[in-house]
Amino acid sequence: YEKKNLIAPMVKVYKRLTHLDYDPTYYQKILLHTTNAANKTRWTLASLSAAIENKDWQSAQQVAQTALETTQDPIPILCQLETVYTKWHDHELNNLWSQLGSAYLRTDQIDLAEKTYRKAFEKFQTLELALSLGETLLKQDKKEESMRVYYDASILALLSDNLESLDLCLRNILQID
């Protein structure tokens with residue numbers, strides 16, 4: 001079908017093959033010839049799930065990174081990528097959790113953003129994550145908790161000689177208090 005440029009039957013065959021055996025190239029062919037955005041997202045997630053199920057972390061990462069460049073809704077892909085990085089490259093979780101928390105905030109899923117930033121801050125203890133968590137807590141009117149996080153952030157800012165962030169932390173603490 002491919003040599004004769006019969007796209008529709010070719011894609012149909014690849015779809016059937018995905019049910020028989022895992023091969024990332026099947027999914028690549030389907031994604032290459034899928035134009036409908038909803039179908040592309042569905043097949044991207046199917047490809048990610050299959051790669052994860054088969055512990056093909058590198059293929060999963062490649063599919064996810066490619067999809068993130070074009071998708072309007074990155075959250076499902078970032079969630080799948082979290083599974084990949086948890087099993088394979090956990091040092092990548094810092095950046096991923098920042099992206100996921102930010103995506104949750106953009107879609108007004110503040111409780112999920114808080115959960116994500118909290119998990120990230122507990123693991124990586126970075127200034128950026130502390131600031132994001134503090135801001136998210138403040139949006140939920142969790143003033144006491146937000147103030148504690150801003151105190152932690154101010155220590156991190158001071159230790160890294162980041163006076164601009166230290167100033168931001170102190171202004172937020174004074175505003176809360």
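Because the structure is a prediction, the values reported are computed rather than measured. Below, each value reflects all heavy atoms present in this structure, side chains not excepted, and no hydrogens, waters or symmetry copies.
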Show which side-chain atoms of residues 150-158 pair as donor or acceptor with protein atoms under 3.5 Å away, not counting sequence neighbours.
from, atom 1, to, atom 2, distance (Å)
Tyr150, OH, Glu135, N, 3.2
Tyr150, OH, Asn172, ND2, 3.2
Ser154, OG, Tyr150, O, 3.4
Ser154, OG, Tyr151, O, 2.6

For the student: nearest non-hydrogen atoms of [X] and [Y], plus distance:
X: Trp43; Y: Leu31; result: CB-CD2, 3.8 Å
X: Ser146; Y: Gly134; result: OG-O, 3.0 Å
X: Tyr22; Y: Ser59; result: OH-CB, 3.9 Å

- Task: Quick one: name the residues clustered hydrophobically with Leu174, using the 4.5 Å side-chain heavy-atom rule over I, L, V, M, F, W, Y, and just say none if it's on its own.
- Result: none
- Item | Heavy-atom side-chain contact between Trp57 and His89 under 4.5 Å | no
- Message: Using the rule that Ile, Leu, Val, Met, Phe, Trp and Tyr join whenever any side-chain heavy atoms are under 4.5 Å apart, tell me whether Ile52 and Tyr27 fall into a single cluster.
- Response: no
- Query: Same cluster for Ile30 and Leu45 if Ile/Leu/Val/Met/Phe/Trp/Tyr side chains link at under 4.5 Å?
  - Reply: no
- Task: Please name all residues satisfying salt bridge (charged side-chain N to carboxylate O under 4.0 Å, His left out) with Arg42, sequence neighbours left out, ordered by chain then number.
- Result: none
- Task: Could you pull out all residues at least two apart from Glu114 that satisfy salt bridge (charged side-chain N to carboxylate O under 4.0 Å, His left out)?
- Result: Arg118, Lys142
- Query: About how many Å separate CG of Leu163 and CG of Leu168, when rounded to the nearest 0.5 Å?
  - Reply: 12.5 Å
- Task: Measure the CD1-CG distance between Ile110 and Leu138 for me, rounded to the nearest 0.5 Å.
- Result: 11.0 Å
- Message: The criterion is side chain to side chain contact (heavy atoms under 4.5 Å, CB included); which residues satisfy it with Ala37, sequence neighbours excluded?
- Response: none
- Task: Identify, with sequence neighbours excluded, every residue that meets side chain to side chain contact (heavy atoms under 4.5 Å, CB included) alongside Thr25.
- Result: Asp23, Gln28
- Lys115, NZ: over 12 other non-hydrogen atoms inside 6.0 angstrom: no
- Got a sec, which residues hit side-chain hydrogen bond (donor to acceptor under 3.5 Å, both in side chains) with Gln109, two or more places apart in sequence or on another chain? Thr107
- Listed partners of Asn162 passing side-chain hydrogen bond (donor to acceptor under 3.5 Å, both in side chains), at least two apart: Ser165
Would you tabulate the side-chain donor-acceptor contacts of residues 60-74 under 3.5 Å, counting partners in other chains and residues two or more places apart, or write 'none'?
from, atom 1, to, atom 2, distance (Å)
Gln61, NE2, Tyr85, OH, 2.9
Gln65, NE2, Tyr85, OH, 3.1
Thr66, OG1, Gln62, O, 2.9
Thr70, OG1, Ala67, O, 3.4
Thr71, OG1, Asp73, N, 3.1
Thr71, OG1, Asp73, O, 3.3

Tabulate below the donor-acceptor pairs under 3.5 Å that side-chain atoms of residues 77-84 make, not counting sequence neighbours, or state none.
from, atom 1, to, atom 2, distance (Å)
Gln80, NE2, Ser49, OG, 3.0
Glu82, OE2, Trp97, NE1, 2.7
Glu82, OE2, Lys119, NZ, 2.6

- Query: Applying salt bridge (Lys or Arg N to Asp or Glu O under 4.0 Å), which residue pairs with at least one partner in residues 157-168 are found, sequence neighbours left out?
  - Reply: Asp167-Arg171
Scan the side chains in residues 122-130 for donor-acceptor partners under 3.5 Å anywhere in the protein, sequence neighbours excluded, and list what turns up.
from, atom 1, to, atom 2, distance (Å)
Gln125, NE2, Phe121, O, 3.0
Thr126, OG1, Leu129, N, 3.2

- Message: Could you check whether any side-chain N or O of Asp90 sits under 3.5 Å from a backbone N or O of Thr86, counting only pairs where one atom can act as donor and the other as acceptor?
- Response: no
- N/O donor-acceptor pair under 3.5 Å between Lys143 side chain and Ile176 backbone: no
- Between Tyr104 and Asp111, does any side-chain donor sit less than 3.5 Å from a side-chain acceptor? no
